[in-house]
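Residue numbers begin at 1 in each chain, while the letters A, B, ... track the order of the sequences.
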2 protein chains.
Amino acid sequence: MPLSAMREKTEAVADFLKGLANPQRLLMLCALAQGEKTVGELIAQTGIAPTSMSQHLAKLKAEGIVGVRREHRNLHYAISHAAVLEVMAVLAAHFCQASDG
Amino acid sequence: MPLSAMREKTEAVADFLKGLANPQRLLMLCALAQGEKTVGELIAQTGIAPTSMSQHLAKLKAEGIVGVRREHRNLHYAISHAAVLEVMAVLAAHFCQASDG
DNA sequence: TTGATAATTCATATTTTTATGATATTAGAA
DNA sequence: TTCTAATATCATAAAAATATGAATTATCAA
């Protein structure tokens, strides 16, 4: 499966990457990498405004990057796309090495 | 080095991902994954209009994703960021499996 | 029911990205 | 020199992403 195989999937792959390519959504995904969280927990942990959080979550959900389930009044979000943690691991290795300042 | 380390680098990581998050640039990077190419070769191989190609290359260069060298009248571009091929490999594995239609 | 909390949707202004035609630069050939 | 090819930059219009205040929906408690 060569990298060139991606040529036929550039739209889908670009949409997926657009889902990740935002500082606030990366922050959210770092939080979600620890496990499922409610919207309130995500807001508390990231400092992102509620409306903005909803929009970002909607975008991640539309892209299949996260999934939701409701429990009482709270909506619990979790990473649902297998590629997310793998991509983030590669990025962490390259952008956040121990040797970095 | 946990994924949470990325929290302090979200701007840089998001900028890097924005560099990749476009169908045309992914197409260009698929071509460049085979090795260094001139602008003309990239245009021929991808069908992207020259002006658009220049702008995309400028963006990739600004982000450190590709590098250039001049040889006579031709500019040769090549992937210069170690994370690119690793990220693309992850994406290819998830979006372009043999089992895919 | 009424009220309160959790979260989303709507409306809209701002910013960023993308596309494209016109012009400019650079290097080599004639 | 002058011409041409290769490529970039400029200008600008159109589309997409982002931020934010106001209104709405959903669930539960009193």
Nearest-Å distance for atom pair CG/C1', residues B:Asn74 and C:dT25:
15 Å
Can you tell me how far C1' of C:dA7 sits from CD of A:Glu41, to the nearest Å?
14 Å
Between C1' of C:dT8 and CG of A:Leu57, the distance in whole Å
10 Å
In this structure, how many angstroms lie between the C1' atom of D:dT25 and the NE2 atom of A:His72, rounded?
19 Å
Is there side-chain contact between B:Leu17 and B:Val13, with heavy atoms separated by less than 4.5 Å?
yes
Taking C-beta and beyond as the side chain, do B:Leu20 and B:Arg25 meet within less than 4.5 Å on heavy atoms?
no
Any side-chain N or O of B:Asn22 less than 4.0 Å from the OP1 or OP2 oxygen of C:dT17?
no
A:Lys59, nearest nucleotide to its side chain (from D:dT9, C:dA19, D:dA17):
D:dA17
Is any side-chain nitrogen or oxygen of B:Ser52 closer than 4.0 Å to OP1 or OP2 of C:dA19?
yes
So, is A:Tyr77 close to the C:dA6 phosphate, meaning a side-chain N or O under 4.0 Å from OP1 or OP2?
no
Can you tell me which nucleotide in D:dA19, C:dA19, D:dA26 comes closest to the side chain of A:Arg70?
D:dA26
Distance, nearest 0.5 Å, that separates OG1 of A:Thr46 from NZ of A:Lys37
11.0 Å
Does the base of D:dA17 carry an N or O that pairs as donor and acceptor with the side chain of A:Gln55 under 3.5 Å?
no
Taking the minimum atom-to-atom distance to the side chain of A:Thr51, which one of C:dT26, D:dT7, D:dG21 wins?
D:dG21
Separation of A:His76 atom NE2 from C:dA6 atom P, in whole Å?
12 Å
Gap between atoms CD1 and C1', on B:Ile48 and C:dA19 respectively (whole Å):
12 Å
d(CG, B:Leu75; P, D:dA5) in whole Å:
17 Å
Partner of B:Tyr77 under side-chain contact (heavy atoms from CB on, under 4.5 Å), picked from B:Glu36, B:Met53, B:Lys61, is B:Lys61
Side chain of B:Arg73 only, heavy atoms from C-beta on: which candidate in D:dA19, C:dT20, C:dA27 is closest?
C:dA27
Residue met sooner reading DNA chain C from 5', once A:Ala58 and A:Lys18 are mapped to nucleotides:
A:Ala58
Are side-chain N/O atoms of B:His76 and B:Glu41 paired as donor and acceptor at under 3.5 Å?
no
Expressed as a whole number of angstroms, how long is the span from B:Ile43:CD1 to D:dA5:P?
14 Å
Under 3.5 Å donor-acceptor pair, B:Arg25 side-chain atoms to C:dT18 base atoms:
no
